[in-house]
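First the structure, in the form of structure tokens, and then the observations on it.
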Amino acid sequence: MEFVVRDFDLRHTLECGQAFRWQRQPDGAYRGVIGRHVVRAAQRNSTLSLDGAPAGTLRDYFQFDANLAAIIATFPADEHMRRAVAWCHGMRLLRQDPWETLASFICSATKQIVQIRQMVANLCRAFGEPVPPGGKSEIRNSKSETEFAFPVVVAVARATEAQLRACKLGFRAKNLLAAARMIDAGEVRLGAVGAMDYPRAAEELMRLPGVGPKIADCALLFGWGRQEAFPLDVWIERALRRLYFRGKRRVTRRRLVEFHRGYFGPHAGYAQQYLFHYVRNNPQELETAGGLSARRPGVWRNSV
DNA sequence: GCCCAGGCCATTT
DNA sequence: AAATGGCATGGG
């Protein structure tokens, strides 16, 4: 089916590192899995063609109802954010399955995005349910491979560490297995996280092995839609230091957390993803860009 | 061979 | 509170 979209860029949205299950086809369309649906997605100007899943599922996943302009209007209007917003024009945060998001990011520690995608694909093939082919093009294309849903919690909980290591998870295998077992046993209830305030939600997720502040924030941002979560990874840490604290010494991690909480506003996580995608694809910005002084209090200091 | 990758954790200052 | 090293695996 077709959707008329404004301020929407499918490529940025699917390739910015928030989701790991989309593959770009030679014709520029994308093939991926949402829940138990194989989905084909393609954009031509303001027309988005999506096939394979019910409209409601797609609407929720792609967050069509989110007002992107209103969100971007809350970003600090400094030079770096303006460039990031311009370069990532139309990029949107998705609303993904919480468990899939959490598990995927448990696998993400010190791995490049291409490798995370590979690990997730391995997990789906080994422990996920096969899903029927999706839209019309899937039925026509008999050569397309079988797709698999992301494995349910209990499927991972019943695996062995050796099986997970066979999916190339490395030292992350032990963490994912223990996390799945805690969730399966009801020791940590993912269903209860959405009702918690942000600090408590993060604290709850961090009870799981392999989940620290960064991975908890990724899961909360991409899986629970909590836009106050601000994943502070190596790229963002570099970006904050070089763009907002240029030339300053002894900028502690604590200081960076304090800064971003006061500076980026109520949709800080959204802003973070724009900055992340921008600097990762324009690394020269981190070398030559002039820094901004972070001495002035951020616009949002009063709101946090 | 080197270094680094959307980190976390235990240990040491 | 901040630094350090270990943890698997693959890419440049």
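Note that these values count all heavy atoms, side chains included, but never hydrogens, waters or copies made by symmetry. Lettering follows sequence order; numbering is per chain, from 1.
Nucleic acid contact class of Phe20(A) (heavy atoms, under 4.0 Å, all strands): none. Residue Glu237(A) is classed as having no contact, given no heavy-atom separation below 4.0 Å to the nucleic acid. Backbone-only contact: Arg238(A) has heavy atoms under 4.0 Å from sugar-phosphate atoms and none from a base. Counting any heavy atom pair closer than 4.0 Å across all strands shown, Gly210(A) reaches sugar-phosphate atoms only and no base atom.
Side-chain atoms of Gln272(A) lie closest to dG6(B) of the nucleotides dA2(C), dG6(B), dA5(B). Of all nucleotides listed (dA2(C), dC7(C), dG6(B)), dA2(C) comes nearest to the side chain of Thr252(A).
Between dC3(B) and dG5(C), the two P atoms lie 13 Å apart (nearest whole Å). With C1' as the reference atom, dC4(B) and dG6(C) are 16 Å apart, rounded to whole Å. Comparing dC2(B) with dC7(C), their P atoms sit 16 Å apart, to the nearest whole Å. For the P atoms, the distance from dG10(C) to dC8(B) is 22 Å, rounded to whole Å.
Under the stacking criterion of a centre-to-centre distance below 5.5 angstrom and an interplanar angle below 30°, Phe105(A) is not stacked against the six-membered ring of dG6(B).
No continuous path of ILVMFWY side-chain contacts below 4.5 Å connects Leu102(A) to Phe171(A), so the two sit in separate hydrophobic clusters. The hydrophobic clustering, which links ILVMFWY residues whose side-chain heavy atoms are closer than 4.5 Å, places Leu177(A) and Val152(A) apart. Both Val257(A) and Phe259(A) are members of a single hydrophobic cluster when ILVMFWY side chains are connected at heavy-atom separations under 4.5 Å.
Salt-bridge formation is not detected for the pair Arg242(A)/Glu287(A): no Lys NZ or Arg NE/NH1/NH2 atom is positioned less than 4.0 Å from an Asp or Glu carboxylate oxygen. Salt bridge present: Arg83(A) and Glu79(A) bring a charged side-chain N and a carboxylate O closer than 4.0 Å.
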Please list, pair by pair, any protein nitrogen or oxygen found under 3.5 Å from a nitrogen or oxygen in nucleotides 9-12 of chain C.
from   : atom 1 : to        : atom 2 : distance (Å)
dT9(C) : O2     : Lys111(A) : NZ     : 2.3

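Nucleotide dT12(B): paired with dA2(C) (Watson-Crick or G-U wobble, both distances less than 3.5 Å). Using Watson-Crick or G-U wobble geometry with both donor-acceptor distances under 3.5 Å, dG10(C) finds its partner in dC4(B).
Nearest-nucleotide positions on DNA chain B place Ile113(A) closer to the 5' end than the other of Ile113(A) and Leu208(A).
Centroid-to-centroid, the aromatic rings of Tyr244(A) and Tyr263(A) come within less than 6.0 Å. In summary, the aromatic rings of His12(A) and His277(A) are positioned with their centroids under 6.0 Å apart.
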